[in-house]
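One structure is given below, encoded as structure tokens.
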Amino acid sequence: MTTWNLQGTVSHLLICNGSSCRKHKGEEVADAIEDEIGKQGAERQIHTTVTRCNGRCSDACVVISYPEGVWYKEITPKSAKALVRKVLEGERLEDNVLYTYDGGLIAATEKDAKGKKKK
């Protein structure tokens with residue numbers, strides 16, 4: 001089991017690979033993110049974790065960026081590469097923002113707010 005030294009990490013990307021996200025190329029999204037991190041030489045700045053389910057299946061593929069607290073929807077392998085570049089620039093991939101964080105998660109649009117209430 002690996003124990004990474006995460007000092008210097010500026011962003012942690014949580015990449016959904018639940019069944020809906022995998023149907024929407026979640027594995028390819030994870031690969032594209034890893035490839036772009038390597039291409040940008042950003043292995044020390046961006047850490048990734050593949051998750052089982054981020055709970056927004058209708059928005060597949062979902063990627064969450066922390067500590068910013070930004071949730072991204074409909075990420076494709078192509079947009080995944082752009083996301084890495086935006087994260088490194090301290091910016092957002094605006095067209096794919098689902099939620100932002102300001103003391104709590106805030107949906108980017110009314111449509112994005114729809115879903116089942118959590119019990």
Side-chain angles (χ1 to χ4, degrees):
M1 184 171 255
T2 302
T3 302
W4 299 105
N5 177 349
L6 298 175
Q7 288 188 168
T9 299
V10 296
S11 187
H12 184 187
L13 299 179
L14 305 168
I15 308 158
C16 187
N17 262 225
S19 60
S20 292
C21 286
R22 280 196 317 273
K23 288 177 189 171
H24 287 90
K25 300 188 176 185
E27 292 177 77
E28 291 90 339
V29 166
D31 290 342
I33 287 172
E34 289 292 336
D35 289 347
E36 191 64 22
I37 289 170
K39 182 178 175 185
Q40 298 296 323
E43 295 90 344
R44 305 268 304 147
Q45 291 98 343
I46 301 175
H47 181 68
T48 61
T49 300
V50 173
T51 67
R52 228 17 185 158
C53 179
N54 291 341
R56 293 291 301 196
C57 300
S58 63
D59 296 310
C61 178
V62 174
V63 176
I64 305 168
S65 179
Y66 279 97
E68 306 89 348
V70 179
W71 290 51
Y72 294 98
K73 64 182 177 179
E74 301 167 354
I75 298 297
T76 64
K78 183 177 179 181
S79 64
K81 292 178 183 240
L83 175 60
V84 170
R85 292 189 298 273
K86 289 288 189 183
V87 166
L88 289 171
E89 295 165 1
E91 298 177 8
R92 296 178 181 163
L93 190 63
E94 293 295 339
D95 290 344
N96 297 82
V97 171
L98 176 62
Y99 288 105
T100 56
Y101 183 81
D102 186 14
L105 289 177
I106 302 164
T109 69
E110 188 63 35
K111 179 182 175 252
D112 292 335
K114 293 186 181 195
K116 295 180 180 180
K117 288 192 179 188
K118 209 171 173 188
K119 294 178 182 180

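Sequential numbering from 1 along the given sequence is applied to the chain's residues. Basis for what follows: all heavy atoms, side chains included, without hydrogens, waters or symmetry-related copies.
Closest approach of Val97 and Thr100 over heavy atoms only: CG1-CG2, 3.8 Å. Nearest heavy atoms, Tyr99 versus Arg56: OH-NH1, 3.0 Å. Minimum heavy-atom separation, Gly26 to Ile15: O-CG2, 4.3 Å. Contact detail for Arg44 and Gln7: the closest heavy-atom pair is NH2-O, 3.7 Å. The two residues Glu68 and Tyr101 make their nearest non-hydrogen contact at O-CB, 3.9 Å. Nearest approach of Ser65 to Ser11, heavy atoms of both residues: OG-OG, 3.1 Å.
No donor-acceptor distance shorter than 3.5 angstrom exists from the side chain of Asp59 to the backbone of Glu74, with no hydrogens or angles considered. With hydrogens and angles disregarded, a donor-acceptor distance shorter than 3.5 Å links the side chain of Arg22 to the backbone of Asn17. No side-chain donor-acceptor contact under 3.5 Å links Thr51 to the backbone of Asn54.
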Which is it for Leu93 and Ser79 under the side-chain contact (heavy atoms from CB on, under 4.5 Å) test, yes or no, and what are the steps along the way?
CA-CA 8 Å; Leu93 190 63; Ser79 64; 4.1 Å; yes
Apply side-chain contact (heavy atoms from CB on, under 4.5 Å) to Tyr72 and Leu98, showing your working.
CA-CA 5 Å; Tyr72 294 98; Leu98 176 62; over 6 Å; no
side-chain contact (heavy atoms from CB on, under 4.5 Å) assessment of Lys86 paired with Arg92
CA-CA 6 Å; Lys86 289 288 189 183; Arg92 296 178 181 163; over 6 Å; no
Thr9/Gln45 under side-chain contact (heavy atoms from CB on, under 4.5 Å): CA gap, chis, key distance, verdict:
CA-CA 4 Å; Thr9 299; Gln45 291 98 343; over 6 Å; no
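Under the side chain to side chain contact (heavy atoms under 4.5 Å, CB included) test applied with Glu36, the options Leu88, Ile46, Val84, Asp31 reduce to a single match, Val84.
Heavy atoms from other residues, nucleotides or ligands lying under 6.0 Å from CG of Asn5 number more than 12.
Transitive grouping of hydrophobic side chains (ILVMFWY, heavy atoms separated by less than 4.5 Å) brings Leu14 and Leu105 into a common cluster. Trp71 and Val87 fall into different hydrophobic clusters, defined by Ile, Leu, Val, Met, Phe, Trp and Tyr side-chain heavy atoms under 4.5 Å apart, directly or through other members.
A donor-acceptor pair shorter than 3.5 Å can be found between the side chains of Thr49 and His12.
Side chains of Val63 and Ile33 form a contact here, defined as non-hydrogen atoms less than 4.5 Å apart.
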